[in-house]
**Q** 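Quick one: structure below, then a few questions.
Quick note: numbers below take in every heavy atom, side chains included, and nothing from hydrogens, waters or symmetry partners. This is a predicted model, so every value here is computed, not measured.
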Number of protein chains: 2
Amino acid sequence: MKIGELARRSGVKVETVRYYEREGLLPEPARSEGNYRLYREAHAERLDFIRHCRALDMTLDEIRALLACQDDPDQPCEEADALIEAHLGHVEQRIAQLSRLKAELEGLRRRCAGQGKVGECGILNELSQPVDPPATLEHAHVGGVHPRR
Amino acid sequence: MKIGELARRSGVKVETVRYYEREGLLPEPARSEGNYRLYREAHAERLDFIRHCRALDMTLDEIRALLACQDDPDQPCEEADALIEAHLGHVEQRIAQLSRLKAELEGLRRRCAGQGKVGECGILNELSQPVDPPATLEHAHVGGVHPRR
DNA sequence: TGACACCCTGTAGTCACTATAGGGTCAAGG
DNA sequence: CCTTGACCCTATAGTGACTACAGGGTGTCA
């Protein structure tokens, strides 16, 4: 299987597959005479694993750790377990924070009279207030509102 | 007011203030004889505006648009209004998605027996399944689980 | 005079890709 | 045999919103 077919099967771009190889998440496959990468079923499974973890919004570092667990199947699975647990915590934190943002945005929306000029618009005036310290995300480790995919 | 005091007052790093200037969000301030940036109250207010918007997870582009509205106070405020409305939609989408992730992570957690070896661990086996197509975030415009602040 | 906190510019690094440039390989059709 | 086109290769740079240096200058105090 060449890289294009692998990419199609797992629903990623060809460049992303090569990127995962560079990052050490996918092992280097055999090459054809013409220097094309040749993949096997095991590569496809590993790529599915990676994409599944990414769909759960884990970082490549977290995925690397899980893959290392997987590659050593006699180890106890506590580490993988702890990683999932920690990640779940981050997702929950992020949901809580976005809920607060949502409430504030809804509050802002109510302040706009709707027909006025910008100068009297409650939204823009409200936004000029300073933020109290922990309003920024800090090290919550759960991403912002705007993803880049 | 020099850059350090401005940064402290608004709770940002000095480098971030200079970055906002480079990006055209903060106007270039006057300079002292020794070439230090000298800020006034108006700069601090504008910086608070920016930080408040960032705390609401708006992009710098969205903030630029709001600032342009603010700088032209006779315009109707529809544009600012629409921007807030759209942003609220993105936040809601992101919350919905994270809730799905949370449910899946909780499902994963239940699959781990707790004491076993990695080879029998339900978590790692489950993660090897392929993802069905729209499991990735696509252009939801609301960020991942891991912020970089 | 020296120490120190602060400031300056410019550049590179972060993350997880994505895009582009500039080429090579391979099978089918004319 | 030659061309077209789909696919592949490497290497490099760009994204967003910062952050972190390196290598210097300024200002104040003892």
**Q** Does OP1 or OP2 of C:dC15 have a side-chain N or O of A:T59 closer than 4.0 Å?
**A**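 No, A:T59 has no side-chain N/O under 4.0 Å of OP1/OP2 on C:dC15.
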**Q** Is it true that A:E104 and B:H52 share a donor-acceptor pair across their side chains at a distance under 3.5 Å?
**A**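 Their side chains do contain a donor-acceptor pair, which is all the 3.5 Å distance test asks for.
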**Q** DNA chain D: A:R22 or A:V14, which has the more 5' nearest nucleotide?
**A**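 Looking at DNA chain D, the more 5' nearest nucleotide goes with A:V14.
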**Q** Kindly determine whether B:R37 and B:E28 satisfy salt bridge (charged side-chain N to carboxylate O under 4.0 Å, His left out), including the steps that lead there.
**A** CA-CA 8 Å; B:R37 287 170 179 84; B:E28 292 186 28; over 6 Å; no
**Q** A side-chain contact here means heavy atoms from C-beta on lying under 4.5 Å apart; do A:C53 and A:I63 qualify?
**A**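 Yes. Closest side-chain heavy atoms under 4.5 Å.
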**Q** Report the distance from atom CG of A:L6 to atom P of D:dC9, rounded to the nearest whole Å.
**A**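 Distance, rounded to whole Å: 11 Å.
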**Q** Given that A:R37 and B:L60 both sit by DNA chain D, which one's nearest nucleotide is further toward the 5' end?
**A**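 Nearest nucleotide further toward 5': that of A:R37.
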**Q** Find the distance between CG (A:L98) and CG (B:L98) and round it off to the nearest 0.5 Å.
**A**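 The CG atom of A:L98 sits 6.0 Å away from the CG atom of B:L98.
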**Q** Atom CD1 of A:I3 to atom P of C:dT25: distance rounded to whole Å?
**A**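 Result: 17 Å.
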**Q** Residues in side-chain contact (heavy atoms from CB on, under 4.5 Å) with A:N35, at least two apart?
**A**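 Here the qualifying residues are A:R31.
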**Q** Nearest whole angstrom, please: distance from the C1' of D:dT28 to the OH of B:Y36.
**A**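 Rounded to whole Å, this separation is 10 Å.
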**Q** Taking atom types as modelled, is there a side-chain donor on A:E92 or A:H87 under 3.5 Å from an acceptor on the other?
**A**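 Looking only at side-chain atoms, A:H87 and A:E92 do not form any donor-acceptor pair under 3.5 Å.
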**Q** By the 4.0 Å heavy-atom rule, please label A:R18 as base, sugar-phosphate, or nothing.
**A**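 Base contact - A:R18 has a heavy atom under 4.0 Å of at least one base atom.
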**Q** Is any side-chain heavy atom of B:L67 closer than 4.5 Å to a side-chain heavy atom of B:R46?
**A**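 Side chain of B:L67 against side chain of B:R46, heavy atoms only: contact under 4.5 Å found.
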**Q** Run the salt bridge (charged side-chain N to carboxylate O under 4.0 Å, His left out) test on A:R54 and A:E62 for me, step by step, so that the C-alpha distance in whole Å, both residues' side-chain angles and the decisive distance to 0.1 Å come before the verdict.
**A** CA-CA 10 Å; A:R54 283 294 297 140; A:E62 288 171 325; over 6 Å; no
**Q** For B:E15 and C:dT9, give me the distance from atom CD to atom C1', rounded to whole Å.
**A**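 Interatomic distance, CD of B:E15 to C1' of C:dT9: 12 Å.
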**Q** What is the distance from CG of A:L38 to C1' of D:dC9, rounded to the nearest Å?
**A**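 Atom-to-atom, A:L38 to D:dC9, this comes out as 13 Å.
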**Q** Considering only heavy atoms and no angle criterion, is a donor-acceptor pair shorter than 3.5 Å present between the side chain of B:Y19 and the base of D:dG16?
**A**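 It does not, because no donor-acceptor pair links the side chain of B:Y19 to the base of D:dG16 below 3.5 Å.
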**Q** From NZ of A:K2 over to P of D:dA6, roughly how many Å is that when rounded to an integer?
**A**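 Going from A:K2 (NZ) to D:dA6 (P), I get 14 Å.
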**Q** Taking A:S99 for the side chain and A:I95 for the main chain, is one N or O donor matched with an acceptor at less than 3.5 Å?
**A**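 Flag set: sc A:S99 to bb A:I95 pair under 3.5 Å.
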**Q** What residues from residues 25-35 of chain A pass a heavy-atom cutoff of under 4.0 Å to DNA chain D?
**A**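 Only A:R31, A:N35 qualify.
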**Q** Taking atom types as modelled, is there a side-chain donor on A:Y20 or A:R51 under 3.5 Å from an acceptor on the other?
**A**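 Their side chains do contain a donor-acceptor pair, which is all the 3.5 Å distance test asks for.
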**Q** Start at the 5' end of DNA chain C and walk down; is the nucleotide closest to A:R64 or to B:E5 reached first?
**A**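 The residue closer to the strand's 5' end, by nearest nucleotide, is B:E5.
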**Q** Given atom OH of A:Y39 and atom C1' of D:dC8, what is their separation to the nearest angstrom?
**A**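 Answer to the nearest Å: 11 Å.
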**Q** Output a table of nitrogen or oxygen pairs between the protein and nucleotides 27-29 of chain C separated by less than 3.5 Å.
**A**
none

**Q** Whether B:R51 contacts D:dC18 is assessed here as follows: a side-chain N or O lying under 4.0 Å from the phosphate OP1 or OP2. Is that the case?
**A**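 Yes.
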**Q** Would you kindly give the OH-to-P distance between B:Y20 and D:dG16, to the nearest whole Å?
**A**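 It works out to 14 Å between those atoms.
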